[in-house]
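Letters go in sequence order (proteins before strands), and every chain restarts at 1.
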Number of protein chains: 2
Amino acid sequence: MNEVSILPISIGEFARRSRLSLKALRLYDAMGLLLPAQVDQTSGYRYYLEAQLERAKLIGLLRQLEMPLSRIAEVLELHGVEAAQAIARYWSLVEGDLKTNRKLVHYLEDYLGGKGESMYEIQTREVPQQKIVGIQRHVYVKDLSGFIAEAGDELLKQLAQAGLRGSGPAFVIYHGQINQDSNGPVEVCLPFEGSLEPTGQIRLRLELAHHEAFTRITKAQVEFPGILKAYDAVEQWLKDQGKGMSDSPREIYFARWDKIGPDDPACDIAFPYA
Amino acid sequence: MNEVSILPISIGEFARRSRLSLKALRLYDAMGLLLPAQVDQTSGYRYYLEAQLERAKLIGLLRQLEMPLSRIAEVLELHGVEAAQAIARYWSLVEGDLKTNRKLVHYLEDYLGGKGESMYEIQTREVPQQKIVGIQRHVYVKDLSGFIAEAGDELLKQLAQAGLRGSGPAFVIYHGQINQDSNGPVEVCLPFEGSLEPTGQIRLRLELAHHEAFTRITKAQVEFPGILKAYDAVEQWLKDQGKGMSDSPREIYFARWDKIGPDDPACDIAFPYA
DNA sequence: CCTTGACTCTCCCCCAGGGGGAGGCCGCAG
DNA sequence: CTGCGGCCTCCCCCTGGGGGAGAGTCAAGG
């Protein structure tokens, strides 16, 4: 605005004017995120410049977005539009989480309100040995449906390029815990016949014959977090029957996803058992 | 579903089936949030019942909403619809924060994108001594505008009941730091003439005559967090003039809030000085 | 019956992002 | 020169766990 003063500012005044706490300023100093312009060698007193207020305020605002300090440091490496884009990227993650959690709240409201106490009918079947192609990755809940769609398309494309077709419905194996926000490895699989070479991220594998217990759910029931109840139902059934799981749980998508309504059968939740 | 087994479950199996970690389960035990049905006296082994799975899963889902464990404990005290309402109350807080932060992101994008580098014209004036009625409270940023509107209405109503009217524009004094998410005491004030008795939350006070530096901003500029720049501009001006603040900063709302457009002058940001 | 391997126990340290306070300098005004 | 407020470092505290050490336990197989 006017001529910028180069008079050093004490930490107290700098704290007031930047709307940060003394504790925070000392922490940012120690982390190297916001270094005082000058530190008195003998007293250890920190002195800042007015010109540093802008950075300090920006840090404060980013902290209000709950951005981790390490990520703030990255943003501050950038300038102008690039910094703005970095913030937008961060924020889209936050909004993504929020969407998932919003669904969860609706689910809980229904659940606790006494609605949706649906029963799941458990069936069993034998699954013959089959050759499959698959793509495996670690993925978070909020990226799950995107990953499944994407990987499924990729598998179909690869088969098509080799002049082959899938020989059964695609399915998804959850090798890791279906945990709340972190998710173990997930594998999208497609059975096929013929011969093919593994390429890049695509792996070929032989799924052994096994028995599985499953329940058939509708497209609406696939939605997180309601789908967890289907898993629980099958698991409970196995337990009641005294049978143990012999492999990771899976979802078999036998329907054309985009051509069915919310109340049409869409998917089987299955546990191999021994 | 079937006959509920009363066989005790080891912590490992309980962890898998509840999708919680061992660490979490031990913590919830220590906190009293989820006590094992039985603890072996000699070995210290924890044993749970299947019937406890429901509570455990609910805790896990609420944790995914980042609900603090203490608040989860409160929710679990309730049942059915009441619990659902408690969750909804919590979630509305989260959504409220989110709205504020969303504005902040837009502001930062504009700011870093180089837009909105507006100048603030600083003026000064004398303010005569005046008698005021006020309501003071601690309030968070996201509740601020609601509080101001509400308190303002309340003050007008009280004056009207005493057959009086305001003798000048309402203003808001920020006694505490205008911090990011916590906010010191805020006082909504209305000057008046005549005599009145203090009632309940309404206090009477004499504002002494003083000088103040201020800048006039538009309704659009009042929006958080852009308004902070106006504060900074006045503060900077005082600093440049070598003057010190003699009282808390304030906002004077001289316009009819609901009858002006976004680019009309709406409010003065003022600092008393000596 | 014993051994082995898988579980489980407690205890301790670690993370972010500070808050609160103790005990001790520093600096400036009267 | 004396006080008082400001500032320093250091330490412990919080939440919600994760990681791992070292030791005790449980159940199945040999």
Set of side chain to side chain donor-acceptor pair (under 3.5 Å) partners for A:Glu207, sequence neighbours left out: A:Arg205, A:Arg250
Side chain to side chain contact (heavy atoms under 4.5 Å, CB included) partners for A:Gln52, two or more places apart: A:Phe14, A:Leu34, A:Ala37, A:Tyr48, A:Leu49
For atom CD1 of A:Ile59 and atom C1' of C:dG17, their distance in whole Å: 13 Å
Rounded (10°) bend between the five-pair end axes of the helix from C:dC1-D:dG30 to C:dG30-D:dC1: 30°
Short side-chain N/O contact to D:dT15 OP1/OP2 from B:Ser70, under 4.0 Å: no
Any residue meeting side chain to side chain contact (heavy atoms under 4.5 Å, CB included) with A:Asp40, in chain and number order, not counting sequence neighbours: A:Thr42, A:Ser43, A:Tyr45, A:Tyr47
Neighbour count >12 (heavy atoms, 6.0 Å) for atom CD, A:Glu66: no
All pairs passing side-chain hydrogen bond (donor to acceptor under 3.5 Å, both in side chains) where residues 79-96 of chain B contributes a residue, at least two apart: A:Arg102-B:Glu95, B:Trp91-B:Glu95
A:Val75 and A:Leu58: CA distance, side-chain angles, deciding distance, side chain to side chain contact (heavy atoms under 4.5 Å, CB included) verdict: CA-CA 10 Å; A:Val75 170; A:Leu58 185 49; 5.8 Å; no
Euclidean distance, atom CG of residue B:Asp40 to atom C1' of C:dT8 [Å, nearest integer]: 11 Å
Euclidean distance, atom CD of residue A:Gln41 to atom C1' of C:dC25 [Å, nearest integer]: 16 Å
Grab the N/O contacts between the protein and nucleotides 7-12 of chain D below 3.5 Å, and write none if there aren't any.
residue : atom : partner : partner atom : Å
D:dC7   : OP1  : A:Ser10 : OG           : 2.9
D:dC7   : OP1  : A:Gly12 : N            : 3.0
D:dC8   : OP1  : A:Arg46 : N            : 2.9
D:dC8   : OP1  : A:Arg46 : NH1          : 2.9
D:dC8   : OP2  : A:Arg26 : NE           : 2.9
D:dC8   : OP2  : A:Arg26 : NH2          : 2.8
D:dT9   : OP2  : A:Arg46 : NH1          : 3.1
D:dT9   : OP2  : A:Arg46 : NH2          : 3.1

Distance, rounded to the nearest Å, where B:Leu25 contributes CG and C:dT10 contributes P: 13 Å
A:Ala151: partners by side chain to side chain contact (heavy atoms under 4.5 Å, CB included), with sequence neighbours left out: A:Ile135, A:Phe147, A:Val188
First encountered from the 5' end of DNA chain C, between A:Tyr28 and A:Thr42: A:Tyr28
Whole angstrom value for the distance that separates P of D:dA27 from CG of B:Leu7: 12 Å
Interatomic distance where CG belongs to B:Leu27 and P belongs to D:dC14 [whole Å]: 13 Å
Between D:dG16 (P) and B:Met67 (CE): distance, integer Å: 11 Å
With sequence neighbours excluded, residues passing side chain to side chain donor-acceptor pair (under 3.5 Å) with A:Arg55: none
Atom pair distance, as rounded to whole Å: CD in B:Gln38 and P in C:dT8: 15 Å
Those residues that, when tested against A:Arg203, pass side chain to side chain contact (heavy atoms under 4.5 Å, CB included) (two or more places apart): A:Gln136, A:Glu187
